[in-house]
Amino acid sequence: SDVYKRQCQFLTIGNSVESLDLLRNKITAVGCDFLGKALGPSFDTKINNLHLDFNPIGSDGVDKLANGIAQNKALTVLSLTHCNLDSKCAPAICRILIYLSLIHI
C-alpha cells in the first residue's frame with residue numbers, strides 16, 4: 001500500500017497527468033481509498049481517463065473510490081472491467097454517475 005500512497009501523493013502535486021492506466025496493478029480497496037482521496041475535490045487533478053481494469057477492487061474498493069471521485073469534474077472515462085464487482089457496488093456506482101458526466105464507464 002506504500003506504493004499506492006506515493007503514487008497518489010504524486011497525483012495531488014503533479015496535476016499535469018490527464019490519463020491514468022493502472023491495469024493489473026493488484027489495487028485493492030486500500031489503494032482505491034488513496035486514489036479516491038487523490039482524485040477528490042480537495043485537489044485540482046486534471047485526470048480525465050482512469051482505467052483500473054483487472055484489479056481486485058471489489059465493492060468495498062468502488063465505495064472508497066466513489067467517496068473521492070464523485071465530485072471530480074475532470075473525469076470523463078472510468079473503466080472497471082474485471083474488478084470483482086457485484087450488486088453491492090451499485091450505490092457507489094450511482095453516486096459516481098450522479099455527479100460525473102462520464103462518457104464511458
Side-chain angles (χ1 to χ4, degrees):
S1 71
D2 285 342
V3 172
Y4 302 130
K5 189 175 182 178
R6 285 192 301 271
Q7 288 174 339
C8 292
Q9 286 172 338
F10 168 76
L11 292 175
T12 62
I13 58 171
N15 65 0
S16 62
V17 177
E18 292 183 6
S19 185
L20 191 58
D21 283 329
L22 296 172
L23 284 69
R24 291 185 170 96
N25 275 270
K26 300 179 183 172
I27 297 171
T28 63
V30 172
C32 286
D33 190 33
F34 291 128
L35 267 175
K37 289 175 183 171
L39 300 175
S42 300
F43 301 102
D44 185 28
T45 59
K46 305 285 189 245
I47 293 177
N48 51 37
N49 293 295
L50 179 59
H51 299 272
L52 298 172
D53 305 327
F54 299 98
N55 285 293
I57 291 170
S59 297
D60 189 39
V62 172
D63 189 57
K64 291 178 186 300
L65 189 64
N67 288 338
I69 68 167
Q71 296 180 39
N72 180 317
K73 300 299 182 194
L75 194 63
T76 57
V77 175
L78 174 62
S79 186
L80 298 167
T81 304
H82 300 289
C83 289
N84 300 332
L85 305 183
D86 57 24
S87 60
K88 294 177 194 168
C89 73
I93 296 290
C94 287
R95 279 199 324 274
I96 293 169
L97 292 173
I98 287 170
Y99 288 103
L100 297 180
S101 299
L102 290 176
I103 295 170
H104 175 74
I105 186 164

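Just so you know, these numbers use all the heavy atoms, side chains as well, and skip hydrogens, waters and symmetry mates.
Pairing each heavy atom of H51 with each of S79, the nearest pair is ND1-CB, 3.4 Å. Here the closest non-hydrogen pair linking G61 and C32 is O-CB, 3.2 Å. The shortest heavy-atom contact between N55 and I27 is OD1-N, 3.0 Å. When every heavy atom of A92 is checked against every heavy atom of A66, the shortest pair comes out as O-CB, 3.7 Å. Shown here for I93 and L80, the closest heavy-atom pair between the two residues is CD1-CD1, 4.2 Å. Smallest separation of non-hydrogen atoms from L52 and C83: O-SG, 3.1 Å.
With no hydrogens or angles considered, a side-chain donor-acceptor pair links S59 and D86 at under 3.5 Å.
Side chain of N72 to main chain of G40: no donor-acceptor pair is present (N/O by atom type, distance under 3.5 Å, no hydrogens or angles). The main-chain N or O of K64 is never found under 3.5 Å from a side-chain atom of D33 such that the two would form a donor-acceptor pair.
Screening L22, D21, T81, N25 for a side-chain contact (heavy atoms from CB on, under 4.5 Å) with D53, the sole residue that qualifies is T81. A side-chain contact (heavy atoms from CB on, under 4.5 Å) with R95 holds for exactly one of L65, N67, I69; it is N67.
Transitive grouping of hydrophobic side chains (ILVMFWY, heavy atoms separated by less than 4.5 Å) brings L97 and L35 into a common cluster. Linking ILVMFWY residues whenever their side-chain heavy atoms come closer than 4.5 Å, directly or via other members, leaves L20 and F54 in distinct clusters.
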Subject >> Check against side chain to side chain contact (heavy atoms under 4.5 Å, CB included), L75 and L39 >> reply: CA-CA 9 Å; L75 194 63; L39 300 175; 5.8 Å; no
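Counting heavy atoms of neighbouring residues, nucleotides and ligands inside a 6.0 Å radius, atom NZ of K73 exceeds 12 of them.
The salt bridge (charged side-chain N to carboxylate O under 4.0 Å, His left out) test applied to D60 returns no partner, not counting sequence neighbours.
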